[in-house]
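Structure first, then comments.
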Amino acid sequence: MGVKPQTEVQVEGRRYRPVHLAREHGISTQAVRNYERDGLIPPAARTAAGHRVYSAVHLRALRAFLALVAAHGHATGAEVMRAAGRGDLDTALRAVDRSHAQLLRDRETLDAVEAAVEALGRGPASGPSGRRSTAGLPNHRPVSPRPGGSPASRLPERPLPIGHLAHRLGVSPATLRKWERAGILLPRRDAGTGHRHYTAADVRDAELAHMLRRGGYPLGHIATVIDQVRGAGGHEPLVRSLDDWRRRLTGRGRAMLTAAAALAEYLGAREAPRPDGR
């Protein structure tokens, strides 16, 4: 049997000081006190001299909170712990459910973007129905430029005005102008009117940008990827970005598993009978 590192709290059923909780996670004792003040771990008991005394419940509470933050972010982690602390388990679990649902939506968005990249790599050819074929992609989903929408149609044969492209993507014209300022889109201008016109290549870039934006990528990163795709004449740079995106989603999923186990241990400790029978 291996020996636990000295920084870990090793003994259950005893009283702990803030330093014991802090050492396990490499944080300061002030951070532990702040978490208690903010309702993220239960209130500590006090000695006659006023010193804080923590129990195994507090140990598990802090483990659960920090695991939740790593998996779901600080806001959701705090919501879960505060709800659990006041005995509102439904609210705590609902917050976890929302985060899991967001991860699923992110996975579906990634699948759609990967399908779009596959179509980009094959060129503008479409399947017999007019949809871009995604055959050969594992667990592929139809390419959809907006959540819940229909799969992307053929690229237009004629340039589109800004309003038509905005409608196609389900965004506002102001969003397309913002993407232009970021260097993502490079529409040509009508010499007489100054109106923007988006070619098939512009539409393709806009659809890829829209999907990446939904995946959480900042505009600067998207502009770099689109520029690399244009310059390289291929989709390899975008493929690398998507590989990194999938690794991050996998990391989030694994962190959620760890957080679920830690939260379950904390809730079990809260519900366990106390030595005094209360």
With sequence neighbours excluded, residues passing side chain to side chain donor-acceptor pair (under 3.5 Å) with [X]:
X: R52; value: E36
X: T258; value: none
X: R105; value: Q102
X: H164; value: none

Does atom CZ of R158 have more than 12 heavy-atom neighbours, drawn from other residues, nucleotides or ligands, at distances under 6.0 Å?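 No, CZ of R158 has 12 or fewer neighbouring heavy atoms, counting only those of other groups under 6.0 Å.
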If you draw a 6.0 Å radius around CZ in R254, do more than 12 non-hydrogen atoms from other residues or ligands fall strictly inside? no
Checking F65 now: which residues fulfil ring-ring contact (aromatic ring centres under 6.0 Å, His included) with it, not counting sequence neighbours?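 In terms of ring-ring contact (aromatic ring centres under 6.0 Å, His included), with neighbours along the sequence ignored, F65 is linked to Y35, H74.
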Contacts of H195 that satisfy ring-ring contact (aromatic ring centres under 6.0 Å, His included) - sequence neighbours left out: none
Do D205 side-chain atoms and D202 backbone N/O form a donor-acceptor pair below 3.5 Å?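 A pair under 3.5 Å: no.
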With distance as the sole test, does R82 use its side chain to make a donor-acceptor pair with the main-chain N or O of D38 at under 3.5 Å?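 Side chain of R82 to backbone of D38: a pair is present.
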Rounded to the nearest 0.5 Å, what separates atom [atom1] in [X] from atom [atom2] in [Y]?
X: I27; Y: T29; atom1: CD1; atom2: OG1; answer: 9.0 Å
X: M81; Y: L68; atom1: CE; atom2: CG; answer: 6.5 Å
X: L21; Y: L66; atom1: CG; atom2: CG; answer: 9.5 Å
X: E271; Y: L89; atom1: CD; atom2: CG; answer: 7.5 Å

Please determine whether residues V19 and I41 belong to a single hydrophobic cluster, defined as Ile, Leu, Val, Met, Phe, Trp and Tyr linked transitively by side-chain heavy-atom distances below 4.5 Å. no
Determine whether V57 and V53 fall in the same hydrophobic cluster, where Ile, Leu, Val, Met, Phe, Trp and Tyr are linked whenever their side-chain heavy atoms lie under 4.5 Å apart.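 Hydrophobic grouping puts V57 apart from V53.
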Under the side chain to side chain contact (heavy atoms under 4.5 Å, CB included) rule, collect the residues that match up with [X], sequence neighbours excluded.
X: L257; answer: none
X: A67; answer: A259, A262
X: A49; answer: T47, H51
X: R247; answer: D243, D244

Validation: residues 179-187 side-chain donor-acceptor distances under 3.5 Å, sequence neighbours left out:
unit_1: E180; atom_1: OE1; unit_2: R196; atom_2: NE; d: 2.5

Between [X] and [Y], which heavy-atom pair has the shortest distance, and what is it?
X: L176; Y: A166; answer: CD1-N, 3.6 Å
X: P156; Y: R168; answer: CD-NH1, 4.1 Å
X: A84; Y: A92; answer: N-CB, 4.2 Å
X: G194; Y: R189; answer: O-NH1, 2.8 Å
X: M256; Y: S99; answer: CE-OG, 3.4 Å

So, do [X] and [Y] sit near enough that their side-chain heavy atoms are less than 4.5 Å apart?
X: L59; Y: H20; result: no
X: T76; Y: V96; result: no
X: H72; Y: H100; result: yes
X: E79; Y: T91; result: yes
X: T175; Y: L169; result: no
X: L62; Y: Y54; result: no
X: R107; Y: L103; result: yes
X: R213; Y: I222; result: yes

Show the numbers, then the answer: is there a side-chain contact (heavy atoms from CB on, under 4.5 Å) between R60 and R270? CA-CA 9 Å; R60 291 189 170 93; R270 280 180 54 88; over 6 Å; no
Among residues at least two apart in sequence or on other chains, which ones pass salt bridge (charged side-chain N to carboxylate O under 4.0 Å, His left out) with R188?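 Counting only residues at least two positions away or on another chain, R188 forms no salt bridge (charged side-chain N to carboxylate O under 4.0 Å, His left out).
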